[in-house]
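Each chain gets a letter, A, B and so on, in the order its sequence line appears, and its residues count up from 1. Just so it is clear, the model here is predicted, and its values are computed rather than measured.
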Protein chains: 2
Amino acid sequence: MKSNFNDKQIIILEVAETLFAEKGFDGTSIRNIAKEAKINIAMVSYYFGSKEKLLESLILYRTSDLKLQLDNLIIEDLEPIEKINKLIELYINRINCNKGIYRILHFEFTSKKGDSNLQAFSELKKGNLKSLESIIIEGQTKGIFRKDVIIPLITPTILGTFFHFHMNKSFFQNLLNLKTEDLYNNYIKTNLTLHIQQTIKALLIYES
Amino acid sequence: MKSNFNDKQIIILEVAETLFAEKGFDGTSIRNIAKEAKINIAMVSYYFGSKEKLLESLILYRTSDLKLQLDNLIIEDLEPIEKINKLIELYINRINCNKGIYRILHFEFTSKKGDSNLQAFSELKKGNLKSLESIIIEGQTKGIFRKDVIIPLITPTILGTFFHFHMNKSFFQNLLNLKTEDLYNNYIKTNLTLHIQQTIKALLIYES
DNA sequence: GTTTAAATTAAACAGTTGTTTAATTTTGCT
DNA sequence: AGCAAAATTAAACAACTGTTTAATTTAAAC
């Protein structure tokens, strides 16, 4: 598993990831990143060209192997509903582990005008959607899933539920009494994941 | 229906709303707002105190009557599932009409540190949750809704699905062939709303 | 050891940021 | 009319923004 980035670049990328997730893309300055990563402010431009291109590199760095994981999931010998459950788990786990890059990826990056890497990212999303679609069609032909669901709207429900929970972190930490970081993360891994799986299962199977 | 803000303040608030929704809070400068609203840049500080307090005022301005609408919905003579459907419609309609303030409200405002008005906003969210809870408990006691759903996680599913769709606007416009603004908004009002209603209904009624 | 390229630095660049000041104009009141 | 409060203005403030430059240090190759 070799990356196109050297050690120093990876440090910059990971520091940037943390700060972007904490304070947003606009809210993070190159000087913030440089200080945290203990490098000179010129190094970001030197290695990545610009702040925007740093963001593009970060997204590339974090999404390069997602497609591979999805492809492996599809060919596993599992019932469709089990595949869906695993896909949900996979998504949540990745998003949660990668600190907060997906927040930028799905929200902030969308509003940036640079059409360069945005196209590549759009392709990634289309690929993910195709993987989900193939699982659902498999379930439909087996007669397990209902056929009137709007497949492209399922991803928004999966990811949107998670994001909304995560974006209102402090609200839910207070509401659900999840004082420590561990309690909060554990709640995501168990209850929230279960809720999403339960929701999608009901949507796919329930007959009105 | 009188507001605490005068005409000039309302102009500023509504210009700010549009710009915040377009370019984000950090991405919008006071000079942007002043130019668009055709006022002097000092007027924002003069009327609202600071840029952050302008945001707080904006949220106050836009959420003050939401609770009232929810209270009216609860006492209507409808089946619980119909109330849920109406609640979903109400949410989506409000979010969609108020341009994009809810994006800031639910995402950007959360990451701001100012604990002042954040507390008030948290109370609003708790109130909304209580309204939803009362409807669901009503359905549970009537034996229509299942009893093992995690109620606080339903709002994330409703709002999260919508937000995720809306945040990836250009992606879905391309994917679903919604070239014009009208087509896009119509898709939200029909298909997306239906998808969310369908999802929540399945979640509340489906027995595994 | 010399040479060549890569890495790193401090400094300066030209803009933009939110906010404040002090002066001026407008408004409402008697 | 005169007066006082409110509204509006242009200008300045210091701090921060992303990026570039030119000089210096480090590393690798021969």
Answer yes or no: are there more than 12 heavy-atom neighbours, outside B:D7 itself, under 6.0 Å from its atom CG?
no
Here the distance between atom P of C:dT19 and atom CG of B:N40, to the nearest Å, is 14 Å
Do A:N128 and A:Y91 have side chains that approach each other closer than 4.5 Å (heavy atoms only, starting at C-beta)?
yes
5′-ward residue of the pair A:G27/A:G49 relative to DNA chain D
A:G27
Side chains of B:N191 and B:N186: does their closest heavy-atom pair fall under 4.5 Å?
no
Taking CD1 from B:I41 and P from C:dT17, how many angstroms apart are they, rounded to a whole number?
10 Å
Atom-pair distance (CD1 on B:I30; P on C:dG18), nearest Å:
5 Å
Would you mind reading off the distance between B:K23 atom NZ and C:dT16 atom C1', rounded to a whole angstrom?
12 Å
Where each residue is assigned the nucleotide of DNA chain C containing its nearest heavy atom, which of A:R31 and A:I39 is assigned the position nearer the 5′ end?
A:I39
To the nearest Å, give me how far apart CG (B:N32) and P (C:dG15) are.
17 Å
Provide, to the nearest angstrom, the distance between the OH atom belonging to B:Y46 and the P atom belonging to C:dT25.
17 Å
Ring of A:Y47, cation from A:K8 - is the NZ or CZ under 6.0 Å from the centre and inside 45° of the axis?
no
Going 5' to 3' on DNA chain D, which nucleotide is the first and which the last to come under 4.0 Å of a heavy atom in chain A?
D:dT17 to D:dT20
Evaluate the ring planes of A:F165 and A:Y184, with Trp represented by its six-membered ring, and classify them as parallel (under 30°), tilted (30 to 60°) or perpendicular (over 60°).
parallel
Applying a 4.0 Å non-hydrogen cut-off, can you work out what A:S29 is touching in the nucleic acid: base, sugar-phosphate, or nothing?
sugar-phosphate
Set out, in order, the CA-CA distance, both residues' side-chain angles and the distance that settles side-chain contact (heavy atoms from CB on, under 4.5 Å) for A:T157 and A:L153, then state yes or no.
CA-CA 7 Å; A:T157 296; A:L153 296 185; 5.6 Å; no
In whole Å, I'd like the distance from the CZ atom of B:F48 to the P atom of C:dT19.
13 Å
